[in-house]
Structures are given as structure tokens and as C-alpha cells.
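Each remark here refers to the structure printed beneath this line.
Just so it is clear: chains get the letters A, B, ... in the order the sequence lines come, proteins before strands, and each one is counted from 1.
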Amino acid sequence: MSSPLLVRGGRLPSGERAEILAVDGRIAAIGSGFATEGAERLDAAGKLVAPALVDLGVFAIDPSAARAGGIAHAALMPDQSLPLDDAALIERAAGAGGPGLTVHPLAAATRGLGGQELAELGLMHAAGARAAATGREAIGSAAVMRRVLAYAASFDLPVVVHAEDPTLAEGAVATAGETATRLGLPAAPAVAEALIVARDLLLAEETGARVHFRQLTTARAFALMREAKARGLPVTCGITPAHLLLSDIAVTGFRSFAHLSPPLRDEADRQAARAALADGTVDVLSSGHDPRGPEAKRLPFAESSSGAAGAATLLALSWLLVRDGLIGPERLFELLARNPARILGLDAGELRVGGRADLIVVDPDAPWRIDERTLPGLAGNTPFDGLPVQGKAVTLVKNGVLVG
Amino acid sequence: MPADAPRHLLGIAGLQPHQIMRILDEAERWADARDARAEPLLAGLTQINAFFEPSTRTLLSFEIAGKRLGADVVNMHAAGSSVTKGETLIDTAVTLNAMRADVLVIRHGSSGAVGLIADKVGCPVLNAGDGSHEHPTQALLDALTIRRRKGALAGLRVAICGDLLHSRVARSNILLLTAMAAEVRVAAPATLLPAALKAMGVAAFTDMDEAIEGADVVMMLRVQRERMAGGLIPSPREYHAFWGLTRERLARAAPDALVMHPGPMNRGVEIASSVADDPERSAITEQVAMGVAVRMACLDLLTRDQRAGGAS
């Protein structure tokens with residue numbers, strides 16, 4: 001049992017000044033003037049005190065990158081060297097995080113992520129899986145997807161979906177548009193995303209399943225989401241900072257660090273994504289953390305692996321959206337912590353009395369430069385190499401204990 | 001090196017109009033020369049032609065161009081070499097660099113691959129075709145051919161017809177011709193027409209008859225057999241009926257329209273033999289001759305620096 005911890009002098013995302021008292025790993029009180037003899041004190045003067053981030057959908061367990069980004073919970077995609085389609089694999093992955101990071105493995109929706117046979121969702125759920133996921137690709141067969149959703153719904157297990165029609169996306173490494181045309185890159189039309197969204201929204205409605213589209217990036221997909229939410233469907237969607245801050249122009253010069261999945265979209269879709277973030281259509285901001293070494297990235301663009309390291313930069317890049325005036329700090333931490341925690345059913349992501357004391361002290365003004373060579377974590381494959389940013393999680397408190 | 005010349009020739013996209021003019025002017029010098037060997041400008045220099053994709057015509061053209069200038073030309077047929085045994089392209093580039101070539105001519109099946117190699121080597125790199133991206137010497141030789149027949153490029157109406165989606169020849173030609181103020185129209189089946197060609201300053205048509213209306217130059221592209229099997233085109237027969245260059249169709253172009261094709265031709269598919277073999281209209285064999293001249297000019301221009309400072 002740890003000693004009580006008093007976080008003093010900081011402001012909450014709401015702007016309110018408050019002290020937070022953590023006792024036995026939980027938030028015992030939020031307010032001021034606590035009598036706290038014997039409590040450890042954490043000075044947050046001039047800083048922001050916020051819930052530690054909950055990163056919904058990473059591809060690697062990467063504690064040092066997570067620590068740099070202020071992430072205390074990471075939902076691990078099932079796309080591992082052994083796909084997470086077995087209860088034993090779920091249990092093993094769940095134990096791999098370390099003191100500062102809880103890993104929540106997502107169950108492969110289909111065996112071997114093959115998109116054909118149902119995986120043992122019930123057993124994996126019992127082993128601790130908080131959601132099922134289609135993996136890096138959408139399930140091509142509507143029949144299989146319908147079974148996955150119906151079956152997952154019977155365990156009240158949300159399904160995390162990758163929204164790109166696999167028949168259109170096959171072989172494509174970019175979104176169809178001016179950049180792909182100029183560079184001569186294999187491209188898929190942007191509508192590949194909305195096709196899956198439309199299909200899976202209909203199937204979700206029919207089966208009663210909870211569906212979370214991990215990353216939506218196109219105007220048409222957001223329009224479908226707005227309509228579905230207006231009808232009260234239990235559906236949510238996320239996006240990464242990269243798709244909000246960059247368009248496909250970033251691919252120019254065959255920059256494989258900008259090779260993402262789904263691909264960076266054209267400027268009109270990027271603007272639609274920012275509008276969807278501002279109007280509440282988007283529920284989750286996540287890193288999509290996918291660290292890749294040079295052997296996967298120093299290749300001709302079409303042969304390079306997709307994905308970017310994003311955990312270490314998640315907070316700072318997201319903070320750019322606050323600086324741009326697109327969203328306020330409170331909404332930011334809903335996107336980064338509260339909403340993903342709710343989707344996964346975690347006791348995390350919020351600063352509330354009785355809740356788990358997972359929090360970060362953020363210096364929102366701390367300037368630093370994103371550098372692929374020194375980025376904390378397994379690899380530095382970021383499309384933001386060289387970008388000056390502000391915002392650092394200077395302290396992470398996990399279960400009421402100072403982690404660093 | 002001439003002050004405004006680029007270090008590599010990776011694409012037309014990196015060239016200014018005056019640089020294009022310069023290459024064409026230099027190429028003129030070799031275009032009519034009976035015995036180009038009289039000027040062994042590249043004597044003592046090693047030119048490596050590294051072709052990661054099979055090629056006969058382009059490789060031969062670069063080899064002849066280098067030899068006419070007196071270079072020691074080495075061909076590396078990388079298709080079927082260590083490259084296919086798992087060595088990365090970067091490793092291959094480093095190896096080539098260690099061989100101390102004075103100029104590298106590279107063809108690769110992946111868009112952007114030649115630029116990736118160029119970043120890793122210390123000598124000039126000439127792109128001999130990378131994926132569906134660029135094939136700059138083809139566009140330059142086409143421009144030289146057109147200029148010699150028509151006098152200038154500006155103001156001409158050029159129709160480019162065929163597989164625009166996969167063609168690096170088309171991309172380089174569109175960039176070059178629009179930069180030189182020609183009017184470019186393209187025609188292709190909808191399945192072979194990229195989404196955003198308009199942004200490259202061309203008018204796109206699926207109706208070839210419309211596209212070649214009044215054209216001063218009709219440039220045909222090769223259709224790969226595998227595209228026809230891949231479901232992008234129903235059949236060679238249907239392709240020929242709607243997008244093949246026949247005598248009847250050519251009648252819609254200007255009366256003195258020039259017919260071009262980068263070769264090798266699929267006779268009876270994208271072009272009818274009666275058109276391809278018409279000496280009045282077809283510039284196809286002239287294109288081959290201009291190819292050597294343009295490549296000599298490029299090799300010469302890109303290696304001037306080394307020659308001035310002594311071979312490295």
C-alpha cells in the first residue's frame with residue numbers, strides 16, 4: 001500500500017484550479033484545503049493536471065513511447081506476430097505493460113485475423129479482452145462481419161473496425177487523387193472507407209452490436225456517422241492526429257514515413273475530419289502507434305510498410321488542435337482519455353472522486369522538436385520529423401503512484 | 001557542372017523549362033552526327049546501367065549512348081540477382097556506390113525507387129523508368145522528335161492515348177509538354193484513367209475520337225498484356241475498337257498529325273500496322289534514333305562536373 005499523494009497547484013482541463021488527493025490508488029478528493037499529513041506532495045504549479053491518456057488501438061507494446069505521450073492505458077491491436085486470437089495470448093499480452101502502462105489486448109475477431117472463421121471471443125472476453133477488433137484490415141465478407149457483430153453483441157463486446165474495403169484497397173498505398181496520380185502510386189478511392197462504414201452501420205443496427213471505427217478519415221464516412229449517431233446507434237469513431245494535421249501532400253517525395261493506413265487523404269477530407277472533430281462526431285483521438293524500423297520503411301514507397309510511431313507525439317500533436325482553436329482542453333481529454341475508456345469499459349480516463357488515480361501533469365507550453373532519431377520508443381518513424389511542438393506530460397501518476 | 005543543371009535526372013518534375021530546352025539543344029548536336037564517336041567526352045568514366053526490371057530497348061539505347069561517348073559501360077541485370085534474394089535496395093545502392101561508378105542509369109519497377117538510390121550514392125543518377133512514376137529520357141526524346149518535325153512545342157495540341165494509369169511515359173510527357181506550353185489531351189478507358197489528371201493541366205477523355213480531334217501529335221501508349229487479363233479491359237479486340245489508332249480515327253487529327261509510340265508496339269491492339277508503318281505520319285523509328293541522342297546529351301550534361309574536376 002502506497003502513501004497518499006497530493007497533487008497541488010495545477011489546473012484541471014476545465015481551467016479550474018484544484019488539488020487532487022489520491023489514496024490507495026483512487027482519487028479520494030478533488031478540491032482544496034485537504035489535511036494531508038504524511039501525504040507525498042506533487043507540485044503542479046502552473047501546469048495542467050489531466051487524466052492519463054487511454055490510447056485505443058496501438059500495434060506494439062511500447063512503454064517508453066507511452067510514457068512520453070502521457071499514456072497509461074493502451075488497447076493493443078490483435079495484429080501481433082501471433083495474432084491475438086486465443087485466451088492465453090490475451091493474458092500474456094495483458095501482462096506485458098509494466099508499472100506505467102496497462103495493456104488491454106483486443107481480441108482478434110476472426111481466427112488468425114483471416115476474416116473467415118469466428119475467433120473464440122467468449123473465452124478471450126473471459127480472459128480480459130475488452131473488445132474485439134478486425135485488425136489492420138476490414139472483414140471483406142458481409143456474412144462473416146454480420147456473424148462477428150451478432151456474436152460479439154451477445155457478450156456485450158464492442159468491435160473495433162478498420163474501415164477500408166479490402167477489395168478496393170488491395171495493393172493500394174495512397175488515396176486516389178492528385179498526389180498519387182503525380183507520383184504514380186497504386187491508389188484506392190476514398191469511398192473505400194465509406195463503403196465499409198455504411199455496411200457495418202447497417203449490420204450494427206441489425207445485430208445490436210457496439211461498433212467503434214478506429215480511424216475515420218473521409219467526409220463521406222463522417223456524414224454516415226452523423227446520421228447514425230442522430231438515430232441513436234451505439235457507434236463511435238476515432239482518428240489520429242496525423243489525419244487531422246496532414247494531407248496526402250505529405251507523401252510527396254515518396255516519404256514512406258507518411259505511408260499510413262488508412263492513407264493520408266486529400267485536403268477536402270482533412271478539412272472534413274477537422275470539422276467532425278469540432279462538431280463532436282469524432283469520439284476518440286488515438287496514436288495508431290505502429291513503430292517500424294528502417295528495414296520496413298527505407299524502401300520504395302509502395303514496398304514500405306504502412307504505419308507511424310505515434311504514442312510519444314500523441315499529446316503534443318493533439319495539443320496543436322487546441323492551439324488552433326478547433327477544440328478546448330476539456331474536449332481534448334474526452335477524446336484522448338474519457339471516451340476511449342468508456343468504449344472499453346475501463347475505470348480510467350477521468351478525474352473523478354472514487355475513480356482510479358491515473359493522471360498526468362502536463363506542461364502545455366514546454367517546447368520540443370520531434371526528431372525521428374531521438375523519439376522515445378521502439379522506432380522513430382514519424383511523418384512529423386523536425387516539427388517544433390509544445391506540450392509534454394512531465395509526470396505520470398498510475399494507480400496513485402508516481403511513475404516518473 | 002553547368003550552374004543550373006540538376007545533379008541527377010530523376011524526372012521531368014524537377015526541371016525548369018529552360019533546363020528542358022538546354023537538354024534538347026544539346027541533344028540536337030548528336031541527333032545528326034554521323035560519327036558521334038569522334039568526341040569521346042566520357043572516356044575513362046564508368047557508366048553502370050542497373051536495370052531492376054527487364055528492358056531491351058531502353059537498356060540498349062543507354063548502352064549505345066554511353067559507348068558513343070567513350071564511357072566504359074557495364075550492364076547490371078538486377079532482375080534475378082541478389083536484389084531478388086532479399087538484399088534491400090539501399091544495400092544495393094551502397095554496393096553500387098562502392099564500385100565507384102561515375103554515372104548510374106537505373107530502372108526499377110517501383111515508383112520512387114530510383115530517387116531512393118540517388119539519395120545514397122555519390123554520382124549522378126539517371127532515371128530510366130521507375131514504376132508508374134517517371135521516364136524522363138523518354139519524354140525528352142519525344143519532345144526532341146516533335147520539335148524537329150514541328151519546329152516548336154508551344155501551342156501544339158498533343159493527344160496521349162492508352163494506359164494513363166500505369167504509364168510513366170505518360171506522366172513524364174504530360175509534365176514536359178505542359179511545361180513547354182503545349183495543349184495536352186489524354187484518352188483512356190475509364191478503368192485506366194487516374195483520378196486527378198486534370199490537376200496536372202490536361203483535358204481527359206474516355207472518348208478517343210474527341211481527344212484526338214485536331215491533334216498535331218498523337219502519342220500512343222503501350223498496353224500491357226497483363227492489364228487485359230487483369231480485368232481492366234474486356235479484351236484486346238474491344239480495346240482496339242474504341243482506343244486503337246486506326247486510319248479512320250487518325251483522320252480526325254490534323255492533316256499533318258504526327259504519330260508516336262514509345263515501343264514495343266502491340267500491333268492491332270493500340271495501333272494499327274497501317275498507321276504505325278506509314279512513313280508520312282509515323283515518327284516511331286525516329287523516336288528510337290532521338291533516344292540515343294537525348295541520352296548522350298543527358299550523360300554528357302550530368303557528368304561535366306566530374307570531368308572538370310577529374311574522375312573520382
No hydrogens needed, just list the donor-acceptor pairs between chain A and chain B under 3.5 Å.
residue, atom, partner, partner atom, Å
A/Thr181, O, B/Arg171, NE, 2.4
A/Thr181, O, B/Arg171, NH2, 3.3
A/Arg182, NH2, B/Ala199, O, 3.2
A/Gly184, O, B/Ser111, OG, 2.6
A/Glu303, OE2, B/Ser110, OG, 3.2

message: With a 4.5 angstrom heavy-atom cut-off, is it the side chain or the backbone of B/Leu10 that approaches chain A, or both, or neither?
response: neither

- request: Side chain from CB out, backbone as N, CA, C, O: work out which of these in B/Ile90 comes under 4.5 Å of a heavy atom of chain A, or both, or neither.
  value: side chain

task: Using the salt bridge (Lys or Arg N to Asp or Glu O under 4.0 Å) rule, collect all pairs that involve residues 379-388 of chain A, keeping only residues at least two apart or in two chains.
output: none

field: Exceeds 12 heavy-atom contacts within 6.0 angstrom, atom CD of A/Glu137
entry: no

task: Using a cut-off of 6.0 Å, state whether more than 12 heavy atoms not belonging to A/Arg146 lie near its atom CZ.
output: no

message: Sort by residue number and list every residue of residues 374-382 of chain A having at least one heavy atom under 4.5 Å from chain B.
response: none

query: Who are the side chain to side chain contact (heavy atoms under 4.5 Å, CB included) partners of A/Arg220, not counting sequence neighbours?
result: A/Val191, A/Ala194

